[in-house]
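Letters A, B, ... mirror the listed sequences (proteins, then strands); counts begin at 1.
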Amino acid sequence: GQNIDQPTEMTATEGAIVQINCTYQTSGFNGLFWYQQHAGEAPTFLSYNVLDGLEEKGRFSSFLSRSKGYSYLLLKELQMKDSASYLCAVAPGGGNKLTFGTGTQLKVEL
Amino acid sequence: KAGVTQTPRYLIKTRGQQVTLSCSPISGHRSVSWYQQTPGQGLQFLFEYFSETQRNKGNFPGRFSGRQFSNSRSEMNVSTLELGDSALYLCASSWTAANQETQYFGPGTRLLVL
């Protein structure tokens with residue numbers, strides 16, 4: 001079966017750093033995606049990891065450990081506009097099918 | 001380059017009716033995937049089409065169907081609507097069927113079944 005777990009909600013302070021964790025158990029693995037989704041809007045792509053390690057892209061970084069079935073998204077220098085839902089998704093293999101976690105609702109406060 | 005477009009954006013139907021949703025991918029993209037998003041279940045994969053062929057299918061009943069045209073535009077149809085079909089339906093497009101390819105999502109069609 002497919003199982004992806006991430007915290008339901010997180011709160012952080014503007015300017016701080018926050019780490020959103022994702023653990024997965026899937027029948028296959030061909031990469032892990034992170035998407036950001038603001039309320040009422042479409043998900044937008046943030047990062048893709050297929051090999052172990054850290055991928056950095058501006059204020060956002062994503063880490064993957066395939067042996068542990070674990071990933072995290074790191075957001076630095078938080079801004080109010082970062083308040084959104086962050087979705088972890090695994091490509092189990094074969095085509096563009098993605099299996100999503102239920103998302104982590106991040107609230108950034110002053 | 002224009003993004004993924006979906007029509008209509010909002011739809012209200014009653015139980016038992018059927019509905020057809022449309023998705024136009026980014027120009028040049030040949031893969032279109034459909035997802036259902038609900039507060040309780042999150043984003044769930046419905047199906048994927050590539051070059052007019054269904055490549056993958058999720059765990060949804062046969063009431064959910066789709067197709068893709070030669071210009072890569074895709075439609076999905078839900079027959080005999082149920083209250084539980086109320087959801088945001090998202091389509092995503094990408095250049096290839098390789099899963100390393102970033103998928104770009106459209107704004108979605110919000111369906112309410114009464």
Side-chain angles (χ1 to χ4, degrees), chain A residues 1-9 20 22-24 26-52 55 57 60 62 64 66 71 84-106, chain B residues 2-6 9-10 23-26 29-51 53-60 66 68 72 74 87-110:
Chain A
Q2 321 287 345
N3 192 45
I4 299 177
D5 288 318
Q6 44 180 139
T8 304
E9 295 178 339
I20 302 174
C22 171
T23 58
Y24 63 89
T26 56
S27 55
F29 182 83
N30 269 298
L32 187 143
F33 293 78
W34 284 95
Y35 282 84
Q36 179 192 62
Q37 187 177 26
H38 285 100
E41 297 183 10
T44 55
F45 170 79
L46 292 178
S47 69
Y48 169 72
N49 295 71
V50 66
L51 299 176
D52 289 352
E55 294 279 344
K57 190 184 295 185
F60 294 74
S62 56
L64 176 67
R66 289 173 297 171
S71 173
S85 179
Y86 291 85
L87 303 163
C88 170
V90 170
N96 282 315
K97 174 181 179 177
L98 292 179
T99 300
F100 281 85
T102 52
T104 298
Q105 188 65 44
L106 174 66
Chain B
V4 179
T5 58
Q6 292 186 245
R9 292 293 311 277
Y10 303 92
C23 171
S24 293
I26 292 171
H29 283 194
R30 295 163 63 193
S31 170
V32 174
S33 299
W34 288 90
Y35 294 84
Q36 181 196 66
Q37 187 172 33
T38 59
Q41 299 297 319
L43 264 161
Q44 292 186 288
F45 175 80
L46 281 156
F47 26 65
E48 177 200 1
Y49 286 88
F50 181 80
S51 294
T53 302
Q54 189 179 87
R55 294 288 293 258
N56 278 292
K57 190 176 188 306
N59 297 321
F60 279 81
Q68 186 179 34
S72 294
S74 177
L88 179 67
Y89 290 88
L90 293 159
C91 83
S93 80
S94 61
W95 177 256
T96 70
N99 53 33
Q100 295 90 335
E101 184 69 25
T102 302
Q103 293 186 55
Y104 297 88
F105 282 84
T109 294
R110 191 165 295 279

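Listed options A:Ala42, A:Gly40, A:Ala89, A:Gly103 were ranked by heavy-atom pairs under 4.5 angstrom with chain B; first place goes to A:Ala42.
To the nearest 0.5 Å, atom CZ of residue A:Phe100 and atom CD of residue B:Gln37 are 8.5 Å apart.
In this structure, the side-chain contact (heavy atoms from CB on, under 4.5 Å) partners of A:Thr44, at least two apart in sequence or on a different chain, are A:Gln36.
Using a 4.5 Å cut-off between heavy atoms, B:Phe47 makes no contact with chain A at all. Using a 4.5 Å cut-off between heavy atoms, B:Leu43 touches chain A through backbone and side chain atoms alike.
Nearest heavy atom pair, residue A:Thr102 against residue B:Gln41, reads CG2-O, 4.4 Å.
Results of the ring pair (Phe, Tyr, Trp, His ring centres under 6.0 Å) test with A:Tyr35 over B:Tyr35, B:Phe105, B:Tyr104 single out B:Phe105 as the only residue that passes.
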